[in-house]
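Below is one structure, written out as structure tokens, with a few remarks after it.
Each chain gets a letter, A, B and so on, in the order its sequence line appears, and its residues count up from 1.
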Protein chains: 2
Amino acid sequence: MAAKTDDSGPVLPPAIESAWGLRERPPKGPRPGMSVPGIVDAAVRVADTDGLAAVSMSRVAKELGAATMALYRYVGSKDELLMLMVDAGYGPSPGPHPPGDDWRAGLTRWAWAEHEVLRQRSWLLQVPITGPPITPQQLGWMEDGLRCLDGTALAEGEKMSVLLLVTGYVRNEATLTAQIAEGSRTAGVAPGEMMPAYGRLVARLIDPARFPALHRVLSSGALGQDDDPDDEFTFGLDRILDGVDALIQRRTG
Amino acid sequence: MAAKTDDSGPVLPPAIESAWGLRERPPKGPRPGMSVPGIVDAAVRVADTDGLAAVSMSRVAKELGAATMALYRYVGSKDELLMLMVDAGYGPSPGPHPPGDDWRAGLTRWAWAEHEVLRQRSWLLQVPITGPPITPQQLGWMEDGLRCLDGTALAEGEKMSVLLLVTGYVRNEATLTAQIAEGSRTAGVAPGEMMPAYGRLVARLIDPARFPALHRVLSSGALGQDDDPDDEFTFGLDRILDGVDALIQRRTG
DNA sequence: CCTCTCTGCGTATGGCGTACGCTGTTATGC
DNA sequence: GCATAACAGCGTACGCCATACGCAGAGAGG
């Protein structure tokens with residue numbers, strides 16, 4: 001044994017291995033007419049224009065002028081394709097933060113970068129995540145995030161937890177705004193009228209005696225004004241970073 | 001007009017209206033052999049035992065000894081059934097917090113209650129959410145959460161934002177732990193060995209020169225020790241509540 | 001008793017992911 | 001130059017899904 005240095009451990013799907021640049025083309029057989037990146041690009045294009053639901057194996061194949069089953073020479077399953085679509089859809093990480101920035105400015109920039117990606121490709125949120133990230137660009141994002149916390153007194157595990165906290169927040173916020181946008185589209189309501197309409201609906205349903213706190217929020221008109229969604233995002237992000245700040249202070253002092 | 005007091009506004013699906021106790025049985029025709037709550041219970045039972053993927057209209061019908069299409073007399077679509085499943089799956093809200101508790105203890109209790117529900121019914125996280133909550137129990141949870149913040153100096157809209165922040169965190173954390181549990185099951189790895197195996201896999205993939213921060217986390221063994229998942233949950237929750245606390249202090253002082 | 005309305009459900013349609021096996025291409029070893 | 005083995009492309013088929021449609025029978029009002 002041990003002719004090769006890696007004892008391999010968990011098995012990586014072939015298409016993922018090729019995303020890492022491992023795996024060379026076998027010497028025999030006809031030349032491939034397609035490529036994994038080409039297939040993934042086509043799938044991303046479909047998702048961008050017609051949504052994730054439109055991404056079927058046959059649709060992607062049609063986009064490439066190939067037959068459905070031809071894709072399975074390159075991709076083991078649709079789930080594998082989805083994983084690669086997420087990797088490609090996120091794109092390259094935003095890059096290391098400027099040396100002058102402190103951790104907070106860096107994480108803010110990092111969070112906004114993901115926010116921006118998810119705003120433009122909300123289908124990324126609908127892809128069922130099957131495990132921790134193992135694709136190159138995903139880990140690139142993680143690396144950049146970790147570097148923001150480099151100078152701090154946090155333990156390595158804590159840095160990871162903080163990142164998970166921030167990215168979780170960004171994804172959650174993006175999910176909510178994408179949902180109300182989707183809802184307003186299917187209901188035929190103007191985007192700015194969605195939350196007010198929701199407020200009126202709930203106000204009609206609930207009994208003020210049984211839901212006093214909810215009733216108070218509704219009468220306050222807090223749902224009526226359609227404030228800048230970016231303000232909402234900033235609000236939550238600042239709360240979280242305040243909490244992280246408190247921890248860093250404690251670890252430092 | 002205005003023979004009825006409600007100008008109706010957005011239309012509510014019939015099955016949701018019946019969940020609010022509106023809507024009476026029409027006087028004619030044969031008596032219904034099933035009921036919406038019965039169907040929802042059967043669907044929840046299927047999801048509990050065999051996962052959300054096993055919930056198909058035919059499977060739920062089989063559970064009730066009925067034909068597939070019979071369900072459509074009670075539920076407009078599968079999406080509607082899913083919405084009702086979420087409402088039933090969450091169950092009643094945890095109830096108002098004890099009067100002695102401050103907002104932080106209340107929200108902590110509230111977050112743990114949702115955490116517990118999601119731990120036992122992780123399929124709730126896989127249901128694609130189509131909009132803001134409009135079912136009775138969902139709004140009950142919201143009411144209880146809002147009441148925790150009753151005595152604080154926060155504006156009504158801010159209370160709502162804080163709730164969204166907390167519930168988003170709980171859902172996100174539950175999603176991640178459910179995913180690694182799922183992954184360890186499909187990969188045939190012992191649950192405690194999942195994260196270490198993941199760490200070894202990533203360590204094998206990445207180049208330490210290009211991913212120095214990530215490499216440092218991996219060598220620190222932070223992923224190796226399988227610490228209590230509850231500790232991880234508490235960590236993030238405390239960070240968020242610290243951030244909320246900072247805001248409340250500022251609004252108060 | 002007729003008629004109207006509602007329930008249960010059989011049938012059919014159009015989609016999906018993908019297992020399997022055939023056909024033709026290509027570089028290697030003889 | 002030729003047989004051979006490995007591989008690419010893909011046609012067919014299977015089983016599953018949600019659900020549109022329409023018919024048969026139940027039950028109550030007139």
Just how far, in rounded Å, is P of dA6(D) from NZ of Lys28(A)? 6 Å
Look at the rings of Tyr169(A) and Phe233(A) and say which category their plane angle falls in: under 30° parallel, 30 to 60° tilted, over 60° perpendicular. parallel
Write down the distance between CE (Met57(A)) and P (dC14(D)), rounded to a whole number of angstrom. 21 Å
Residue pairs passing the salt bridge (Lys or Arg N to Asp or Glu O under 4.0 Å) test where at least one lies in residues 38-61 of chain B, sequence neighbours excluded: Asp48(B)-Arg121(B), Asp50(B)-Arg59(B), Arg59(B)-Glu63(B)
Once salt bridge (Lys or Arg N to Asp or Glu O under 4.0 Å) is applied, what residue pairs with a partner in residues 64-79 of chain B remain, sequence neighbours excluded? none
Could you check which residues of residues 58-79 of chain A get a heavy atom under 4.0 Å from DNA chain D? Sort them by number, please. Ala66(A), Ala67(A), Met69(A), Ala70(A), Arg73(A), Tyr74(A)
For a quick check under 3.5 Å, do Thr130(A) and Glu182(B) share a side-chain donor-acceptor pair by atom type? no
Round to a whole Å and report the spacing from CG of Leu81(A) to P of dC16(C). 14 Å
Roughly how far, to the nearest 0.5 Å, is CD1 of Ile206(B) from CG of Leu139(A)? 7.0 Å
